[in-house]
Every structure is written in C-alpha cells, then in structure tokens.
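Let me begin by presenting the structure, written as structure tokens, before commenting on it.
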Amino acid sequence: MGTRLSITPPKDYVLSRDVCSYGYFLLWPNFWDPRAGTFSRVMNLPGGPAKVTISQGTDARGERASDRVKPGTSLSCVFDRALATDEKKAVKLQIARMLRLDEDAAHVAAFHKVDPRWKKSGRARLFRSPSFFEDVLKTVTSCNVTWPGTLSMNRRLCEVVGKGGGFPEARAIARTSPALLRSRCRVGYRDARIVELAKLFVAGKKGGVDAAWFEDPATSDEAIHKALIDLPGIGPYAAANIMQLLGRYSRLPLDTESVRHGRAVLGFKGSSAQVMKRVHAHFAPFGENAFRSYWFEMWVHYEKKAGPAHLWDRDTTGRVFTAANMNKK
DNA sequence: GGTAGACCTGGACGC
DNA sequence: GCGTCCAGGTCTACC
C-alpha cells in the first residue's frame, strides 16, 4: 500500500499551467500526462527511490474530477510505496522546490505589477527540479546540443546511472567514469565536466559546491554568478539559466533561441551579437523580473505554434518545441 | 578584451 | 545504407 499525501499550494496555483511552464518538465525522469493532467516522476528519498504521481482536482478514487480546476485546489501526491516519516518530510520539500510552491500569490502579484501582460493567464512560476544538482546537470546537458539530444542525455542518465529510473544523485555520478557517461549516456565531451561537477557537489562545503549557500536568499546575485562561472561546463548562458532556476530573474540566458526570438517576434535586425544586445536592452526595464517577461514571451510563441503546453506529449510535440523547429513550419 | 577553432552527438539531406 | 553537413555553448590558445 503506497502513501498518499495532500499538499496545500498557494491560492492561485494551477498544476497544469505551473508545471508546463518550462522545458524541463519534458526531461526525464519527469513525465506530464496530457490526457490525465497528472505529473509523475521517481523521487530520490532516504529509503530509496519512490515514484510519485501528482494531481490537482481529483476525486477520492484518484480520477480526474474536472478539466477546469479551481486555482489553489490541494495537490494529491500518490506514491508507489509506503514512506517513512522522515521521507514524507523530505519529499514535501523536494516537491515544493520543483513546483515553486515558495512563490506565493503575493510574489506572483508583484511580478504582474511589473509586467501586467501575464496577469490574466496567471503565468509567473517556472517549473524546475527537486534539487539544485539536477537543475545544474539539466542545464549542462542543454548546452551546445539540439533539444532531442538533451532529451536523450537525460533519459540515458536516468536509465544508466539513476536508481529505479530516477535522476542520478551526485554521489552516483561522482563514482561513475567519464568513459561510461560518454559511451552509454551519449554526453560527448561533457563527460569529464559532469563527473567533476558531481564531485564538487559531493564535497559540499569542504571546497566544493555548497548547495545551501546557492539557495540562500541572503547570497548576492553577483556572488552566485561568479561562483557559477567558475564551475566546469558553466559559461555565461548556463550561469544565467541556473540563476533563474534559483529564482533570480534579473539576468537573461541568451542563446540562439533568443536571437531567433529577437528577429522573428521582436523584428530586430543585424548580426547575432547585435540582436542579442537589443534583446537584452528590450527586457532590461523589467529589472528583477527580466527573465520571466522574456521567457513567457517565448513560451507563448511556442504555444501559438504547437498548442497549449499542457497538451504536449513528451515523445512527440515535446521533441520539437524549440523555436528552431517551430520556425520551420 | 576579443576572436578563432575544437569539442561531440544526432538529425537532415543527398546519393 | 552510407557519407556529409549543420546546430548548439564552453573552453583554450592566441593576438
């Protein structure tokens, strides 16, 4: 008999909108079921892996009560095994991080005050991972590779190194050889950098990556950016992306997608470097929320081409949602 | 400080 | 089925 937990989210929380808000919801071990409107994945817990299925607005039998869920309706989390008391506590923290439940309605309202375009839809939260380590690795596996390659690397990392189909923990990757990551997970030249990153996370405060320091709101943006840039495999794009995953939205992770958006949607002309500069200047007035304004503009563009993200299937639409493919249509 | 080229993989395309 | 080309951000060497 598995454990069932109920979590009360912020009063404006909508699972389908707030999960299907950033591309990582399509990356293994994450799975959004567009038909059932449920999110599931394997979580790494003290007692071993456990698969969770999260739904909102389901009845007592776990069946979907309605397609239109009232915002703020409690989240039902059903696990495939019984959880110990300490595991329940741990998994609630992981789910809160992943779903951004720390960003309450007041936080969302503050963003909408700066950029009212998203007030009606309620967009504000961006899906992320249950752990900082997974966010960093997902970012590294999204650099210098097309989206299907990122999908493939994350799937293989879960299948080859992860426990029970979950995302591998830093300890497991630190013990893995770069050669195995390259041959079986197809991570290419990222192999040694990924192992080095994992070793730094395992070292923690002792000369490595202190995740708590990065997650601490008291740490300055400048200090975090500098520390990220010093990590193997992390450049300007990856650092800015990891910062938004940490809830720091002032910097823009500008890449080739940004250039396409600048040209196709904003009508900017010139070289890639010139377009990037103009994109940066365009979103600068949004200050601390620049990334969210930028991202939701791109996301709406994707949805105009491929339909609402909560209807995307991981293995079909989910493979082609980037602008590079959208613009071919 | 700025720039060129190498690093890998997978998909598209031509034959 | 095979070979070639291309996209993608980081890192290093060089000017």
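- Nucleotide B/dG10 holds its P atom 12 Å from the CZ atom of A/Arg182, rounded to whole Å.
- Residue A/Met153 contributes atom CE, which lies 17 Å from atom P of C/dA7 at whole-angstrom precision.
- Legend: residues meeting salt bridge (charged side-chain N to carboxylate O under 4.0 Å, His left out) with A/Asp221, ordered by chain and number and at least two apart, are A/Arg248.
- Under the ring-ring contact (aromatic ring centres under 6.0 Å, His included) criterion, A/Phe31 pairs with no residue at all, not counting sequence neighbours.
- Evaluation of the salt bridge (charged side-chain N to carboxylate O under 4.0 Å, His left out) rule for A/Arg175 yields no partner, not counting sequence neighbours.
- Within the structure, every side-chain polar atom (N or O) of A/Arg190 is placed at least 4.0 Å from both OP1 and OP2 of B/dT9.
- Shown here are the salt bridge (charged side-chain N to carboxylate O under 4.0 Å, His left out) partners of A/Arg123, two or more places apart in sequence or in another chain: A/Glu303.
- The distance between atom CZ of A/Arg260 and atom P of C/dC6, rounded to the nearest whole Å, is 16 Å.
- Every residue was checked against the ring-ring contact (aromatic ring centres under 6.0 Å, His included) condition with A/Phe79, not counting sequence neighbours, and none meets it.
- Residues meeting the salt bridge (charged side-chain N to carboxylate O under 4.0 Å, His left out) test with A/Glu215, sequence neighbours left out: A/Arg97.
- Among residue pairs with one or both ends in residues 189-234 of chain A, those qualifying as ring pair (Phe, Tyr, Trp, His ring centres under 6.0 Å) are A/Phe132-A/Phe201, A/Phe132-A/Phe214, A/Phe133-A/Phe201; sequence neighbours excluded.
- For A/Tyr22, the ring-ring contact (aromatic ring centres under 6.0 Å, His included) test picks out A/Tyr24, A/Trp295, with sequence neighbours left out.
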Nucleotide-resolved protein contact map, nucleotides 9-15 of chain C, B/S/- at heavy-atom distance under 4.0 Å: BSS----
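- For the pair A/Pro49 and A/Val42, the tightest heavy-atom approach, listed with the atom from each and the gap, is CB-CG1, 3.5 Å.
- Axis orientation changes by 30° from one end of the helix from B/dG1-C/dC15 to B/dC15-C/dG1 to the other, with each end axis drawn from 5 pairs and the value rounded to 10°.
- Contacts between residues 273-284 of chain A and DNA chain B, defined by a heavy-atom separation under 4.0 Å, are absent.
- The ring-ring contact (aromatic ring centres under 6.0 Å, His included) search around A/Phe286 returns none, not counting sequence neighbours.
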